[in-house]
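What you are looking at is a predicted structure, and each value in this text was computed from that prediction instead of being measured. All chains are named by letter (A, B, ...) in the order of the sequence lines, taking the proteins before the strands, and each is independently numbered beginning at 1.
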Amino acid sequence: MKNLKKLLAVVLMVLLAMQAAACGSSEEKKETGSESSASSNESQSSETESSQDSKGVIAYSCYNMSWEYYVTLAQGVKEAAEAAGYEYVEHDQQSDQSLMIQGCTDLLNQDIACLVLTPCKPEAAASIYELAQEKGIPVILADIGTEASGYLACLKSDNYDGGVLAGNYVLDNLTDAQSKKAAMITVDPSNTNIVRSDGFKDTLEAGGWTIAAELSGQSEPDIAYSCMQDIITANPDVEVVFCSNDPMAISASQAVADAGLTPGEDVKVIGYDAQSNVFEPIENGTVLGTVAQDPYGMGEGAVDCFLKNLNGEELTFDDEETKTIYTDQWIIDAANAAEYK
Amino acid sequence: MKKINLGRHAVILILIVLWGIMFALNESFRTGANLGSILREASSTGIAALGMTFIIIMGDFDLSIGSMLAFAGMIMAGCMENMGIVPALIMGAAAGLVCGLINGIIIAYFRVPAFITTLGTYYSLRALAYIFNDANTIICTDTAFLKIGTGSIAGIPIPFLIFLVLAAVLAVILNRTTYGRHVRAMGNSEKACRISGIDTKKVKCAAFVLMGLCTAVSSVIVTARQACASPDVAANFHFDAITMVVLGGTKMTGGEGSIFNTVIAAVLYASVSNCLNLYHVDAQWQRVCMGLILLAAFSFDFIQKHFAGLRERSQKKTIQSI
C-alpha cells in the first residue's frame, strides 16, 4: 500500500513537471513574465524561428522501407522537399494495409502540407483520400496507382511497358534461340505489378515464343528459388526466365546454377527494378539484364507536382483519366551496367 | 487494510501517465480527430482480444485468428455483392462461428493441443482466404456498410461503441454466469473441473466458438474501415491480440484475468503506436518498443511478487531483532 502511494506520488510529480515544461515551451506565446521563464523564453524563440524556416511538412508513407527501391524513392522525396524549404517525415507501412491506414491517418491528423503515398494495398486507400480531402491536404501517389480517385497525381512506371521493354530486349538479342521457350516468375497475384509479366508475355508471344510456365514467386526470393527449380524440372529446355523483381531474379539464377546448368548460357534470367545488388550478377553474366525504373525521379516528381499545384500551375498527365504521369524506364545489361552502378 | 494489487491496476495507471504526458507535450495528440483514431484502432484488434481473454484465462491460446479474420472478411465481402448487407454480415458471423467450432472440436474432443490445432487452422484458413477469390481483393462500396468502420456517433467512433458493448456483455458472462466461473476454474485446474462434474469439453469448445464470433466482428470492422476484404490482411493479428490480453494482466498460465483490463490495454496499445507515429519513430524501432512493452507486461507480475517477498522477509527480520 505504501509503495502504491509512493508510486502514485512519483507519477503525479512527473506529470506536473511535464505539464510545466510544456506550458513553458509550446503554444503559450503571450509570455507571463515570471522570473523562471527566461530560459524557456529562449527555447521558445528558437522554436518559432525554426518553424518560420520550414513551410510545413511533406510526409512520405512508404510500402516497405526495407526495400532499397523505396529507400531511393524516399530519398527523392526528401531531397526535393528540403530543397523547397519543407520539413520531411516518413512512415513505413511494412507491407501491412492496417499499418498503412493507421499511419496515414496519424500523419493527416498532424496537418501536414502534403502526403506522398505508395500504398501497399491500393484498394484500401479510399479512406485515406476521404480524410485528406476533409482536411484539404493533397495526396500524391508514387509508384503505385489506385482505382479510387481523390489524389492529386500519380507518378509511376508503365509496368506493362517495362515488360514490353524486356520482351523486345529478348527478341532483339536472343536471335539464335532454339526452343523459344520462356518462363515467368511473377509477384503476388493480387499485386498490380503483375502487368509487368503480361507485357513480357504479349511481346514474346507476338515474336513467336511460347510461355512454358508462369509461377507466382510472391515477390519473395526464396519462393522464386523453388519456382525456378520446378520450372527447370518441368521444362529443361526453357531459355529465358522473366522475374518481376530483382531479388527473385538473383535467386532464380542461383537455382539455375544449383541445378547444374549455367545461368546466362543455358537459362537467361531477366529482372526488374535495377536494385544495386543485381549489378554484380549482370556484370558477371549470371543475370542477363534488368528493367530500370526511376524511383528517385518519382519521389522528386511527386514533390514537384505538389509545388506546381500550390502555385496554381496546371499539371500535365500522360493519362488524364487516372491522373497518371509515367516516369522513365530503360534496360540495364552487361553493356551499360557500370554506368548506373 | 485491504491489499491493493498493483499489478491488476498497472495498465490503467500507465495509460493515464502516457495520455497525461502526451496531452501536455504534443499538440497533435490532443485533437479530437487523433483521439478518435486511437479508439478506432484499438477497437478492431481489441474485440478479438476480448475473445482471446477467455481463451487465455482457460490456459490456451489461439494463433489462427488473423487467418480467420481474413477468411470471414472474404466470405462477407463476397456475399455482399449479391445478397446485400444483412445476409453478408450473417454469413461473416457464421464463417467465424464455424471456424471457431472447428478449432474447439479438435482441441476439446480430439485432445489436440491448442497450439498445434490453431497453427494448422492458421495455415489452412489463410490459404482458403486466398482460394476464395483467386487471391484477389474484394472491394466494398456500400456506404452504409463502410460507415461501420469509418463513422462516428456523437464524436465517438462506431467501432469503439461496438467494442464497449461487446466488452460489457463479455464481462458479465465472465464474472456473473456459471459459464464464466467454469472458464476461470478451467484455467486453475482442468482436472479438478472434470472430477467435480463440469463438462470441460463443452466449456472449452464454447470458448473457441466465442473467439470465432469475436474475430468475425473484428473482421466486419477491419473490412469496413479498409473498404475492401483482402486475403493477406491482419498478418500479425494474433500477436497483437495476445499482447493486449497479457498487457491487461491476464496470466498466460490461466485462471485469472479481466475484460475491463483488456479494454484498457487495447487503448494503451493503440495509444503507444499512435505516439510512436506522431514522433515519426522508425518502423523497426517501433517493433523494438512493442517488444519491450510485451516483456515489461510479462515481467511486471514477477517483479511485484519479488518485492513483496523481500518486504515480508525484512519485516520478519525486524520482528526477530525486537
Side-chain angles (χ1 to χ4, degrees), chain A residues 1-4 7-8 11-12 14-23 25-27 57 59 62 64-66 89-111 120-127 130-131 134-135 147-148 188-191 216 218, chain B residues 1-4 6 9 13 16-17 20-21 23-29 31 33-34 36-38 40-41 44-45 130 133-139 141 146 149-150 222 225-237 270 273-274 276-278 280 282-284 286-287 304 307-308 311:
Chain A
M1 193 67 210
K2 235 186 211 169
N3 270 7
L4 179 67
L7 190 87
L8 263 177
V11 164
L12 286 175
V14 169
L15 264 180
L16 278 174
M18 289 287 188
Q19 227 135 15
C23 288
S25 66
S26 69
E27 353 118 86
V57 174
C62 173
N64 195 328
M65 282 307 263
S66 58
V89 298
E90 75 191 13
H91 163 250
D92 187 352
Q93 301 162 11
Q94 300 173 61
S95 312
D96 183 328
Q97 64 212 58
S98 306
L99 288 182
M100 169 179 92
I101 294 186
Q102 190 182 350
C104 289
T105 310
D106 290 345
L107 285 172
L108 292 170
N109 277 334
Q110 291 179 77
D111 293 323
C120 64
K121 182 63 80 173
E123 295 90 342
S127 70
E130 214 170 281
L131 181 65
E134 222 172 83
K135 302 219 164 228
E147 264 175 44
D188 198 304
S190 65
N191 196 309
S216 170
Q218 295 175 23
Chain B
M1 191 165 56
K2 195 186 165 209
K3 191 171 177 288
I4 292 183
L6 188 58
H9 300 285
L13 218 62
I16 293 171
V17 172
I21 293 171
F23 256 83
L25 291 184
N26 197 310
E27 282 171 53
S28 311
F29 183 82
T31 57
N34 188 60
S37 117
I38 291 178
R40 206 182 291 279
E41 288 304 334
S44 52
T45 321
Y130 273 98
N133 195 30
D134 290 335
N136 287 320
T137 302
I138 305 176
I139 297 175
T141 45
L146 299 185
T150 55
V222 169
R225 177 136 167 73
Q226 303 185 346
C228 65
S230 49
D232 55 350
V233 74
N236 289 324
F237 196 65
S273 71
N274 176 262
L276 295 173
N277 271 343
L278 289 185
H280 312 297
D282 181 78
Q284 302 310 330
Q286 289 205 13
R287 284 195 180 164
Q304 216 200 341
F307 277 111
R311 212 181 315 138

Checklist entry - Do you know which of Thr31(B), Thr150(B), Asn274(B) has the most heavy-atom pairs under 4.5 Å to chain A? => result Asn274(B)
Item to check | His280(B) side chain reached by Leu107(A) side chain, heavy atoms, under 4.5 Å | outcome: yes
Item to check | Pairwise distance CD(Gln94(A)) to CG(Asn236(B)) - rounded to 0.5 angstrom | outcome: 8.5 Å
Item to check | Interatomic spacing from CG in Asn136(B) to CD in Glu123(A) - rounded to 0.5 Å | outcome: 8.5 Å
Item to check | By side-chain hydrogen bond (donor to acceptor under 3.5 Å, both in side chains) - contacts of Thr141(B) (at least two apart) | outcome: none
Checklist entry - Just checking, any donor-acceptor pair under 3.5 angstrom between side chains of Ser230(B) and Gln97(A)? => result yes
Item to check | Pairwise distance CG(Asp106(A)) to OG(Ser28(B)) - rounded to 0.5 angstrom | outcome: 9.5 Å
Checklist outcome for this item: Taken in chain and number order and not counting sequence neighbours, the residues that satisfy side chain to side chain contact (heavy atoms under 4.5 Å, CB included) with Gln286(B) are Leu276(B), Asn277(B), Val281(B)
Next on the checklist: Heavy-atom pairs under 4.5 Å with chain B: which of Ser95(A), Ala59(A), Ala126(A), Ser98(A) has the most?
Outcome noted: Ser98(A)
Checklist entry - Nearest heavy-atom pair of Gln102(A) and Ser273(B): which atoms, and what distance? => result NE2-OG, 2.8 Å
Checklist entry - Which bit of Arg40(B) is near chain A, if near means a heavy-atom gap under 4.5 Å: side chain, backbone, both or neither? => result neither
Checklist entry - Given that the side chain runs from C-beta out, which part of Ile139(B) has a heavy atom under 4.5 Å from chain A: side chain, backbone, both or neither? => result side chain
Item to check | Working for side chain to side chain contact (heavy atoms under 4.5 Å, CB included), residues Arg225(B) and Thr105(A) | outcome: CA-CA 12 Å; Arg225(B) 177 136 167 73; Thr105(A) 310; 3.7 Å; yes
Next on the checklist: Taking the side chain as everything from C-beta on, heavy atoms only, tell me whether Asp282(B) gets closer than 4.5 Å to Met65(A).
Outcome noted: no
Checklist outcome for this item: Value for CG (Asn109(A)) from CZ (Phe29(B)), rounded to nearest 0.5 Å, stands at 11.5 Å
Checklist entry - Quick one: what part of Leu99(A) sits under 4.5 Å from any heavy atom of chain B, side chain, backbone, both or neither? => result neither
